Protein chains: 2
Amino acid sequence: MNDIQEPKETVLRSATQEVVIGHHRRFCLIGERINPTGRRIFQEQLRAGDLSAIERDVKAQVEGGADVLDVNMGVPLTDEADLLVQAIRMVQSLTDLPICIDSSVVEALEAGLTAYDGRALVNSVTAEDERLAAILPLVKKHDAAVIALPNGADEIPMQADKRIELTRKIIEVATKEYGIAAADIVIDPLAMPIGADTTVVNTALETMQRIRSEFGVNMTCGASNVSFGMPARHTLGAAFLPMAMTAGLTSAIMDARTPVIVEAVKAADLLLGHDDWGMAWIAAHRARQAQAAEQTATA
Amino acid sequence: MNDIQEPKETVLRSATQEVVIGHHRRFCLIGERINPTGRRIFQEQLRAGDLSAIERDVKAQVEGGADVLDVNMGVPLTDEADLLVQAIRMVQSLTDLPICIDSSVVEALEAGLTAYDGRALVNSVTAEDERLAAILPLVKKHDAAVIALPNGADEIPMQADKRIELTRKIIEVATKEYGIAAADIVIDPLAMPIGADTTVVNTALETMQRIRSEFGVNMTCGASNVSFGMPARHTLGAAFLPMAMTAGLTSAIMDARTPVIVEAVKAADLLLGHDDWGMAWIAAHRARQAQAAEQTATA
């Protein structure tokens with residue numbers, strides 16, 4: 001068990017760029033924006049075969065500080081596999097950032113992995129036997145990494161114990177049955193909306209602490225979920241991420257376009273000793289000052 | 001040892017108001033502002049016997065959301081005991097919030113405790129034998145609570161192990177030799193400036209986690225220290241406090257006048273399940289909206 005507990009590093013790549021997720025590294029920001037869920041206009045555009053909005057989404061997230069871009073093309077009544085392949089090719093033509101290929105449709109994941117040039121992160125598999133059997137062979141075949149959710153068929157477990165048990169199952173199946181390295185499994189500790197139940201973040205934080213100490217694998221979660229339905233969502237996001245990082249979260253699928261949230265992550269990187277000499281923090285501050293001075297000069 | 005590990009509650013009182021610090025309660029914000037350190041004009045005013053600036057400091061901190069006010073009158077070449085008594089009386093005439101009586105001079109602490117109407121928090125004692133012997137009898141005599149720093153005569157220990165050892169010493173001496181309840185000892189886990197050494201926050205966080213699990217006592221720290229000398233201090237403070245709260249910090253002597261910092265604490269309260277149904281969070285949001293609407297209407 002000793003080597004399982006050591007901090008793992010997950011290597012992702014585009015054609016030209018490598019990103020490493022790890023417990024002793026700066027937090028990995030996975031931009032959530034390229035996703036039609038809740039974006040009616042974007043859905044209509046995609047249905048009409050118009051992917052042009054992606055260009056703006058890539059630009060905003062790259063400028064905001066994303067390290068990886070999630071790409072989800074889940075639009076009902078479309079050929080999701082085809083749309084996903086088009087979107088991946090488009091994103092890869094626009095940026096060097098690695099991609100997180102996001103779909104609940106196995107055929108779309110397969111098409112996306114085949115089209116992708118690099119080492120992708122697959123989003124996602126659950127602890128259900130048939131999902132593990134469908135998705136893990138693809139992950140292995142394409143030498144990808146995979147986000148795994150410790151929930152079964154019925155419902156999301158509300159106890160950390162159950163999430164740890166399912167995490168153990170996922171890691172054992174992936175490593176022993178499919179030969180996937182533990183380093184390539186990124187567990188989602190399941191961050192639920194605080195507005196529905198004020199105990200859910202404590203459960204997520206406990207799950208994170210235990211996954212870090214018991215398995216040493218990397219973790220990611222959908223950080224924007226936490227503030228769903230509450231006012232002042234950005235303030236909640238900016239508090240949640242430093243808290244989760246303290247508990248062991250090493251990446252998040254998140255809003256990478258909102259400075260207050262990105263800066264909170266960068267502050268936590270500095271405070272956790274992942275920004276040597278505070279060089280990145282100070283450089284970012286100087287860049288903001290220079291930009292402000294420029295805006296004043298040209299105003 | 002079992003009862004020592006249970007979460008303790010520290011009760012503070014003014015003449016009319018009670019504040020309880022505890023691990024299952026909302027974070028206790030101790031306003032740091034009434035302190036002449038680094039405030040040259042305020043120092044000169046105090047030397048001239050002019051305490052009027054305190055009125056503004058009380059108002060800003062009460063409006064900002066402080067639960068307790070720290071009062072420090074450490075001005076060189078003055079009668080600190082006399083100034084402290086005047087300041088405490090003035091603050092008590094202006095607000096119902098309890099006071100944290102802050103001095104390194106034993107005679108000033110004694111005069112302050114005698115003048116104070118309520119149950120004060122004394123700031124602070126160290127693990128040094130002579131300091132414990134000088135200050136703990138005053139704490140006991142005046143039925144106060146006390147902030148204790150786990151550092152000895154020589155220097156601030158940079159290892160969590162040493163801080164835990166000195167915390168144990170302080171708690172044993174205070175409880176066994178002076179009959180002070182463990183609930184009335186508030187440990188300062190020592191948050192140092194991140195700009196000097198990027199490992200110091202990890203050490204503070206580890207110290208907090210261990211103090212919570214090994215002793216269950218409350219904790220406070222000088223939160224503004226952490227960002228000393230770095231740019232974008234408010235962003236660092238707003239990230240540090242939620243992280244420290246996740247590790248077990250239950251109060252801080254802090255900037256209670258800067259909304260971004262206070263709101264980060266309130267967000268962390270909600271996320272940690274210390275704000276039932278999110279009532280306080282939602283109420284604060286509505287109050288801000290109402291205020292904004294009023295400003296628009298009168299503009």
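Naming convention: chains lettered A, B, ... in sequence-line order (proteins, then strands); numbering from 1 in each chain. None of the values given here were measured: they were computed from a predicted structure.
Contact record, Ala232(B) with Arg288(A): CB-NH2, 4.2 Å, taken as the closest heavy-atom pair. Closest heavy-atom contact between Leu205(B) and Thr246(A): CD1-CG2, 4.2 Å. The shortest non-hydrogen separation linking Ala239(A) to Pro242(B) is O-CB, 3.9 Å.
Listed options Gly278(A), Ala238(A), Ala268(A) were ranked by heavy-atom pairs under 4.5 angstrom with chain B; first place goes to Ala268(A). Among Pro231(B), Ala204(B), Gly273(B), the residue with the largest count of heavy-atom pairs under 4.5 Å with chain A is Pro231(B). Contact tally against chain B (heavy-atom pairs below 4.5 Å) for Gln289(A), His285(A), His274(A): the top residue is His285(A). When Leu270(B), Val260(B), Ile282(B) are compared by the number of non-hydrogen pairs under 4.5 Å with chain A, Leu270(B) comes out ahead.
Between Met243(A) and Leu272(B) the shortest side-chain heavy-atom distance falls below 4.5 Å.
For the atom pair CG (Leu236(A)) and CD (Glu263(B)), the distance works out to 10.0 Å, reported to the nearest 0.5 Å.
With a 4.5 Å cut-off on non-hydrogen atoms, Thr199(B) does not touch chain A at all. With a 4.5 angstrom heavy-atom cutoff, Met230(B) touches chain A only via side-chain atoms. With a threshold of 4.5 angstrom between heavy atoms, Ala264(B) approaches chain A through N, CA, C or O but not through any side-chain atom. Residue Ile194(B) touches chain A through its side chain alone, counting heavy-atom pairs closer than 4.5 Å. For Asp275(B), the part lying under 4.5 angstrom from a heavy atom of chain A is the backbone only.
Around the CD atom of Gln159(B), the shell of radius 6.0 Å holds no more than 12 heavy atoms that belong to other residues, nucleotides or ligands. Shown here is Arg26(A), whose CZ atom has no more than 12 heavy atoms of other residues, nucleotides or ligands within 6.0 Å.
Applying side-chain contact (heavy atoms from CB on, under 4.5 Å) to Leu271(A) and the options Val226(B), Asn202(B), Val200(B), Thr198(B) leaves one that passes, Val226(B).
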